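The structure appears right after this line, and notes come after that.
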There are 2 protein chains.
Amino acid sequence: MGMIKCKKCNQIEFIQKSGIMRGKQRYYCKSCDFHFTINETTVPQENRRPHEVTIMDIAHQLGISKSTVSRALRGHADIHEGTRKMILDLAQELDYQPNPLANALLKRQTNIVGILVPEFRHYFFPTFIMGAQEVLSKAGYNVMICQSDESYETEVANVKALLRSRVDGLLVSITAKTDNFDHFRAVMQKEIPLVFFNRVCPELDTPQVIIDDYSGAFQAVEHLIEQGYRRIAHLAGPVTLQVSRLRLQGYIDALQKHQLPLDQDLIVYHDLTEEHARICTRQLLDLPQPPDAIFAVNDPCAIEIMLIAKERGINIPQDLGIVGFSNDPISAIIEPSLTTVEQPVWKIGEESARLLLEQMEHPTVEKRMLATRLIVRKSSQRSLPI
Amino acid sequence: MGMIKCKKCNQIEFIQKSGIMRGKQRYYCKSCDFHFTINETTVPQENRRPHEVTIMDIAHQLGISKSTVSRALRGHADIHEGTRKMILDLAQELDYQPNPLANALLKRQTNIVGILVPEFRHYFFPTFIMGAQEVLSKAGYNVMICQSDESYETEVANVKALLRSRVDGLLVSITAKTDNFDHFRAVMQKEIPLVFFNRVCPELDTPQVIIDDYSGAFQAVEHLIEQGYRRIAHLAGPVTLQVSRLRLQGYIDALQKHQLPLDQDLIVYHDLTEEHARICTRQLLDLPQPPDAIFAVNDPCAIEIMLIAKERGINIPQDLGIVGFSNDPISAIIEPSLTTVEQPVWKIGEESARLLLEQMEHPTVEKRMLATRLIVRKSSQRSLPI
DNA sequence: AAAACTATCGGGAAGCTTCTCGAAACGGGT
DNA sequence: ACCCGTTTCGAGAAGCTTCCCGATAGTTTT
């Protein structure tokens with residue numbers, strides 16, 4: 001077998017080949033019953049990212065154990081004042097940053113909260129996120145934001161991804177198309193705190209933060225009636241959403257209270273896209289008996305209504321009164337300015353975050369409802385002097 | 001010493017007390033030189049979050065080692081087809097989800113990218129984020145979003161927090177107040193990929209994605225000149241930002257090209273807040289020789305200008321031409337519609353993300369510039385029939 | 001001075017995965 | 001039977017932290 005020496009007994013007589021492993025020849029020493037390969041010293045290739053400062057580095061430099069360092073950094077008792085100062089000083093000097101990954105692995109807690117929204121192009125969700133983030137980051141939580149883009153499949157995939165990321169809690173506003181809630185049941189089964197907001201899901205018994213959609217809608221429509229409108233249409237949202245249903249109910253009840261007939265032709269449902277809003281608006285305006293006012297389920301689609309009305313030369317508010325919902329900043333700027341129902345978006349974010357934090361402490365299914373307020377602007381004030 | 005038995009030699013004669021540790025009595029056996037405490041079996045309290053399925057669970061259930069399971073799941077070679085199928089089936093059944101924390105700890109890679117923006121109330125940053133997120137999530141990265149709220153201190157804190165979270169890369173648009181860049185130098189020193197976009201920082205030699213602010217501004221102002229405006233003001237952004245400076249330079253050069261005088265009174269700098277925009281606008285309009293057109297550094301402040309002009313009964317575009325920058329959706333809706341410079345926001349997001357991914361592969365300092373396009377609407381078209 | 005404490009620190013496991021290296025078993029030539 | 005090769009699997013370390021428990025030295029009490 002030539003010049004191969006046994007790694008153990010240093011003999012060369014009893015060596016024989018014993019197969020090939022991963023390309024390298026393997027040898028066997030019959031004398032000492034030992035298998036081995038000859039590992040040519042590979043280049044140590046030190047091109048990896050530079051090592052971050054760890055607790056062990058500090059321990060080594062000070063000649064103490066990592067336990068002691070950890071205790072000093074965590075502010076535990078059972079440690080000498082001098083030692084603590086020494087450790088704290090060195091940590092400062094080396095700019096030591098605790099590795100949250102190791103911590104998360106150990107504690108099974110990432111300090112990350114997932115926020116899942118259908119979109120964040122418009123005013124509502126970004127503002128919500130800001131409100132929630134403020135509360136959460138004060139409590140030491142980071143935030144991971146996903147948008148489902150109004151797609152059920154994306155929503156399911158996002159929930160899965162957030163669970164995989166081991167988020168500690170979830171803030172969710174569902175898609176308009178979501179009619180199966182198994183992915184959220186899975187979350188609940190894993191006992192991961194979950195709070196719905198705005199677009200909640202009534203089938204599931206979870207904490208949630210909503211606004212008083214019913215009253216808001218009721219007030220809005222009553223206001224239109226008081227302004228003298230008699231044929232009031234409703235550009236509704238998808239029936240799948242509780243928000244839409246509540247606003248619709250507010251619309252219906254306001255008409256009923258004032259003994260106005262309920263004409264099914266005057267209720268059209270749209271899927272919250274701008275395109276569909278335009279289609280539905282044209283449908284309403286092309287009616288043999290077109291409405292003299294429209295209550296829209298939210299501001300973005302109220303805006304679309306206004307644009308089409310302007311296009312057709314319809315006078316707002318004389319020939320057509322319009323009321324929106326949500327008080328998007330744009331509604332104050334557009335002309336005529338849009339009457340709308342204000343909802344405390346920032347506060348919804350804060351409350352949702354707070355409710356989530358509470359749920360992390362102890363299980364709860366508390367549901368909170370925040371008040372709305374009608375903001376009367378020009379688009380609905382027929383009584384104004386022209 | 002009564003009935004205390006030594007845990008080692010089971011004798012009771014040589015036991016004596018030896019101090020108290022954490023409330024519990026400690027004993028010492030003189031015979032076998034052994035210290036011990038009596039730990040009353042504490043309640044096992046199983047109120048912790050239920051254990052997630054791990055690779056070890058699968059291994060145990062199948063009576064094989066975790067290495068084999070890992071290999072099967074990772075799709076490695078060196079594994080029996082039957083074994084692999086068995087493992088894959090069980091993993092499916094148990095809904096096993098690999099723990100990214102353990103992986104991140106091992107690989108020193110979290111697959112998380114941090115995005116740091118000054119705000120996301122308006123159109124630009126949310127849209128940017130959506131574009132970036134699309135590219136990043138396709139590449140297997142999650143996104144962590146922070147907003148500095150135009151505060152330098154918050155920006156620094158956010159960068160620190162993102163570094164602590166061990167993000168694999170950073171997409172940043174700086175604050176208007178940021179004039180010290182040490183926190184970004186720290187990022188570069190740690191060799192963490194970093195891409196600036198929009199509000200970049202020229203001092204640092206990093207990859208960046210910007211748009212052609214200079215040309216956009218130049219075109220916008222030239223358009224105003226062509227429309228017959230002669231006393232064109234500029235509501236500029238903070239000089240600290242390169243974007244502002246480039247747009248200002250475009251403004252200056254356009255005036256110069258057409259031999260118009262450069263009046264310093266007509267250039268006012270504002271801090272990008274709505275309030276300050278209003279103050280600056282009034283300052284311009286109150287000039288002894290007020291401007292007949294204003295080029296605004298972005299659309300939100302162009303909107304403010306329009307609102308004040310309307311308030312004062314100034315006719316747009318006859319008495320005052322206005323051009324904005326960024327093509328916020330609101331600019332098409334407001335009346336009169338706002339002439340503005342379109343920037344491909346979504347694409348900026350995509351490109352920034354792509355550049356970051358490239359930089360993760362190999363170091364680069366590539367800078368990309370995307371084209372702008374002037375969108376002429378009513379607010380600047382004096383030549384239109386009234 | 002022995003007995004009983006107190007103050008301070010270290011060892012090692014757990015948390016979950018991937019990867020390297022070696023072991024074991026089996027197959028096919030001679 | 002022996003030699004050499006292949007296939008398939010397992011042990012164990014690394015990555016970083018926290019926490020439990022025990023060790024050690026010095027201090028007070030009897």
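On a predicted model such as this, the values are computed, not experimentally measured, just so you know. Lettering follows sequence order; numbering is per chain, from 1. Note that these values count all heavy atoms, side chains included, but never hydrogens, waters or copies made by symmetry.
Distances shown here put every side-chain N or O of A:R108 at or beyond 4.0 Å from the OP1 or OP2 atom of C:dA14. The side chain of B:S67 places no N or O atom within less than 4.0 Å of a non-bridging phosphate oxygen (OP1 or OP2) of C:dT18. Contact check, B:R26 against D:dA23: a side-chain N or O comes under 4.0 Å of OP1 or OP2. The phosphate of C:dA4 has neither OP1 nor OP2 within less than 4.0 Å of any side-chain N or O from B:S18. In terms of phosphate contacts, B:Y96 brings a side-chain nitrogen or oxygen within less than 4.0 Å of OP1 or OP2 of C:dT17. Note on A:H80: a side-chain N or O is less than 4.0 Å away from OP1 or OP2 of C:dT8. Side-chain nitrogen and oxygen atoms of A:Q109 include none within less than 4.0 Å of the OP1 or OP2 phosphate oxygen of C:dG15. When the side-chain nitrogen and oxygen atoms of A:K30 are compared with OP1 and OP2 of D:dC3, one or more of them lie within a distance under 4.0 Å. Regarding contacts with the backbone of C:dT18, a side-chain N or O of B:S70 is found under 4.0 angstrom from either OP1 or OP2.
For B:H60, the NE2 atom counts as loosely surrounded, since its 6.0 Å shell holds 12 or fewer non-hydrogen atoms of other residues, nucleotides or ligands.
Among the nucleotides C:dT17, C:dC16, D:dG15, the one closest to the side chain of B:K66 is C:dT17. Among the nucleotides D:dT17, D:dG22, C:dC9, the one closest to the side chain of B:R22 is D:dG22. With distances taken from any side-chain atom of A:R71 to the nucleotides C:dA4, C:dT18, C:dC9, the minimum falls on C:dC9. Side chain of A:T68, nearest nucleotide from C:dG10, D:dT17, C:dC16: C:dG10.
Per the geometry, CG belonging to B:L101 stands 11 Å off C1' belonging to C:dT17, to the nearest Å. Summarising the geometry, the separation between CE on A:M21 and P on C:dA25 is reported as 14 Å, rounded to the nearest angstrom. When the C1' atom of D:dG26 is taken as reference, atom CD1 of B:I20 falls 17 Å away, rounded to whole Å. D:dT24 atom P lies 9 Å from atom CG of B:D33, rounded to whole Å. Atom CG in B:L73 sits roughly 11 Å away from atom C1' in C:dT17 (whole-Å rounding). If you take CZ of A:F14 and P of D:dC3, they are 12 Å apart, rounded to a whole angstrom. Going from atom CD1 of A:I79 over to atom P of D:dT24 covers 19 Å, rounded to whole Å. Rounded to whole angstrom, the span from the CG atom of A:L106 across to the P atom of C:dC16 amounts to 10 Å.
Residue A:T54 is the one, among B:H35 and A:T54, whose nearest nucleotide of DNA chain D lies closer to the 5' end (criterion: closest heavy atom). Each of A:S65 and B:Q25 lies near DNA chain C, and the nucleotide nearest B:Q25 is the one positioned closer to the 5' end. Nearest-nucleotide assignment on DNA chain D puts the 5′-proximal partner with B:E81, out of A:A102 and B:E81. Checking B:N99 against A:T83, the closest nucleotide of DNA chain C that is more toward the 5' end is the one next to A:T83.
At a threshold of 4.0 angstrom between heavy atoms, the contacts of A:P98 are confined to the sugar-phosphate backbone, with no base atom among them. Using a 4.0 Å heavy-atom distance criterion, B:R74 is classed as a sugar-phosphate-only contact. Counting non-hydrogen atoms under 4.0 angstrom, A:D78 reaches a base of the nucleic acid.
Between A:Y28 and A:F36, a ring centre-to-centre spacing not shorter than 6.0 Å is recorded. Between B:Y27 and B:F34, the ring centre distance reaches or exceeds 6.0 Å.
Atoms CG and CD, from B:N142 and B:Q133 in turn, are 8.5 Å apart once rounded to the nearest 0.5 Å. Here the CD atom belonging to B:Q97 is positioned 13.0 Å from the OG1 atom belonging to B:T54, to the nearest 0.5 angstrom. For the atom pair CE of A:M144 and CD1 of B:I112, the computed distance is 4.0 Å after rounding to the nearest 0.5 Å. Atom SG of A:C29 is separated from atom CD1 of A:I12 by 11.0 Å, given to the nearest 0.5 angstrom.
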